[in-house]
Amino acid sequence: MTDVPTLCAIRFGNGLPLPESAPQDAGSMLTRLAGPDLARGTWPALTTAEALKTHARYAQAQSDLRQAGADAAEAKATQRGIRQELVAEAQRAIQISLARAVGATDGMRERLVRFWVDHFTTVAKSPQHIGLVLAMAEDAIRPNVTGRFAQLLQAATLHPAMLLYLDQHKSVGPNSRQAKGGRRGLNENLARELIELHSLGVAGNYAQSDVRQMAELLTGLLFHTGKGAVFVEGAAEPGSETVLGRVYDGKGTAPILAALEDLAMRPETGRHLARKLAVHFVSDTPDAAMIDAMAVAYAASGGELMALYRTMLLHPAAWNMPLTKARQPYDFTVASLRALGVGPARIADLSVAELQQRLLRPMERMGQPMNNAPGPNGWPEEAEAWITPQGLGARITWAMDVPQRLLDVLPEPAALAERALGPLISLDLRFAVQAAENRREGVGLVLASTEFNRR
């Protein structure tokens with residue numbers, strides 16, 4: 001059986017070695033989660049307010065360009081300059097995310113942030129939206145990962161990135177004042193994903209009529225350039241709506257927030273979240289008793305996320321299941337950087353070109369372009385989705401080529417194997433590393449090994 005500190009690092013964290021003062025058992029992980037978010041204070045990231053300002057400037061530049069006439073060259077230059085700011089803003093936010101993951105002593109918090117970002121997947125549909133997608137992680141997800149799920153659900157649903165991604169900003173009530181022109185109508189995207197993916201799950205007890213009523217309830221919730229999420233009464237469907245047997249009526253966002261609270265407390269939601277967490281952290285085929293216990297704890301706590309985490313971490317199955325999950329490309333990259341000793345400051349100092357060439361493009365070739373999931377259901381969990389010939393080829397290429405570009409001197413391969421895998425090193429890998437012709441090949445063997453790519 002793998003020892004508990006190693007499982008803390010690999011199953012619930014970002015890999016070995018554990019930083020000094022990092023939690024080494026379930027109790028200390030829970031204590032750290034209940035405490036302050038140290039990584040956020042150490043590495044401040046892009047906020048929604050900052051992203052909205054740049055977004056508004058770009059929108060204004062686009063408007064100016066359309067009206068420029070003879071002064072089009074100057075307007076184009078202004079627009080191009082702000083677009084470069086948008087790219088730089090996004091690149092910096094990505095660097096901060098990676099730096100936090102590599103350097104944090106609270107590895108499970110970083111893993112939970114990534115988990116919930118994926119649960120509430122958003123993708124930028126235009127360059128001017130990418131900052132909002134990244135800022136959603138900072139302002140909607142990160143502050144709420146240890147609170148009540150209802151608060152997290154509300155923050156994610158009403159964030160500008162979610163409204164834009166699922167076209168909520170185009171949705172108006174069929175009988176609203178704004179619909180009378182006939183140019184816009186009801187859009188069910190957000191309502192459907194809210195029920196199917198974010199709360200009850202696809203197996204939840206709901207009907208198409210619930211989706212339709214939820215979509216009508218969400219009308220009025222729009223996006224305003226420079227302000228973000230706003231509620232416009234003229235776009236809202238008049239009257240009450242009935243979702244899952246409950247009637248919601250009233251002005252503004254109050255009935256929407258009430259419906260989200262009720263969705264969060266549905267028993268189907270607790271079970272959906274319990275299973276999804278267990279699959280992500282423990283096993284693609286998780287222990288049924290652990291899921292049952294997590295769902296019960298969630299309901300008894302009034303929807304507290306810490307109750308889910310606590311029950312999972314204190315259940316024997318969390319520590320007894322074999323390490324059969326595949327590290328996704330983001331996790332593989334972060335774990336590799338940590339094992340190689342590439343610290344957060346080094347990551348934060350990478351130029352845009354270095355970040356692209358050494359980290360982001362390789363992750364894309366491994367099958368996981370950063371912040372660009374294939375759909376609103378996020379990235380797949382099953383190992384078979386990641387352990388593919390193409391994906392493995394990209395990992396091997398990265399393991400052989402990139403470490404020497406990030407470090408002045410490559411580590412001694414046998415020492416790296418001990419540092420990266422501890423008790424998980426197999427006799428075959430130990431022999432192969434010792435027989436490697438040079439450090440480059442030895443380092444590549446460690447990072448490309450089966451042991452390193454499993455968690």
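Positions are given from 1 along the sequence.
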Heavy-atom distance under 4.5 Å between the side chains of [X] and [Y], does that happen here?
{"X": "Tyr309", "Y": "Leu112", "value": "yes"}
{"X": "Leu308", "Y": "Leu273", "value": "yes"}
{"X": "Leu132", "Y": "Leu52", "value": "yes"}
{"X": "Arg83", "Y": "Gln62", "value": "no"}

Partner residues of [X] under the ring pair (Phe, Tyr, Trp, His ring centres under 6.0 Å) criterion, sequence neighbours left out:
{"X": "His280", "result": "Phe115"}
{"X": "Phe120", "result": "His198"}
{"X": "His55", "result": "His129, Phe223"}

Q: Quick one: which residue pairs count as a side chain to side chain donor-acceptor pair (under 3.5 Å) with a foot in residues 393-403, not counting sequence neighbours?
A: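 Residue pairs passing side chain to side chain donor-acceptor pair (under 3.5 Å), neighbours aside: Arg395-Asn453, Asp401-Arg440.
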Can you tell me how far the [atom1] atom of [X] sits from the [atom2] atom of [Y], to the nearest 0.5 Å?
{"X": "Gln60", "Y": "Ser63", "atom1": "CD", "atom2": "OG", "value": "5.0 Å"}
{"X": "His272", "Y": "Leu200", "atom1": "NE2", "atom2": "CG", "value": "8.5 Å"}
{"X": "Asn371", "Y": "Leu134", "atom1": "CG", "atom2": "CG", "value": "4.5 Å"}
{"X": "Asn377", "Y": "Glu193", "atom1": "CG", "atom2": "CD", "value": "8.0 Å"}
{"X": "Ile396", "Y": "Ser449", "atom1": "CD1", "atom2": "OG", "value": "10.5 Å"}

Please list all pairs meeting salt bridge (charged side-chain N to carboxylate O under 4.0 Å, His left out) that have one or both residues in [range], counting only residues at least two apart or in different chains.
{"range": "residues 379-390", "answer": "Lys325-Glu381"}
{"range": "residues 84-104", "answer": "Arg57-Glu85, Arg100-Glu138"}
{"range": "residues 102-115", "answer": "Asp106-Arg109, Glu110-Arg142"}
{"range": "residues 359-379", "answer": "none"}

More than 12 heavy atoms of other residues, nucleotides or ligands under 6.0 Å from [atom1] of [X]: yes or no?
{"X": "Gln404", "atom1": "CD", "value": "yes"}
{"X": "Arg454", "atom1": "CZ", "value": "yes"}
{"X": "Lys227", "atom1": "NZ", "value": "no"}
{"X": "Gln390", "atom1": "CD", "value": "no"}

Q | Residues Ser126 and Tyr58: side-chain donor-acceptor under 3.5 angstrom | A |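 No donor-acceptor contact under 3.5 Å links the two side chains.
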Q: Would you check if there is a donor-acceptor pair between the side chains of Glu237 and Asn175 at a distance under 3.5 Å?
A: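 The answer is yes; a qualifying pair exists.
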Q | With sequence neighbours excluded, residues passing side-chain contact (heavy atoms from CB on, under 4.5 Å) with Gln84 | A | Arg80
For the side chain of [X] and the backbone of [Y], is there at least one donor-acceptor N/O pair under 3.5 Å apart?
{"X": "Glu304", "Y": "Ala307", "answer": "no"}
{"X": "Ser351", "Y": "Glu354", "answer": "yes"}
{"X": "Arg419", "Y": "Ala339", "answer": "yes"}

Q: Can you sort out the partners of Arg212 under salt bridge (Lys or Arg N to Asp or Glu O under 4.0 Å), two or more places apart, ordered by chain and number?
A: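 Listed in chain order: Glu188, Glu216.
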Q.
Test of understanding: with salt bridge (Lys or Arg N to Asp or Glu O under 4.0 Å), list the residues that count as partners of Glu268, not counting sequence neighbours.
A.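 Glu268 satisfies salt bridge (Lys or Arg N to Asp or Glu O under 4.0 Å) with Arg266 only.
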Q: State plainly whether the residues Arg40 and Asp139 are in salt-bridge range, i.e. N to O under 4.0 Å.
A: yes
Q | Pairs involving residues 348-384, ordered by first then second residue, that meet ring-ring contact (aromatic ring centres under 6.0 Å, His included) (sequence neighbours left out) | A | Trp379-Trp386
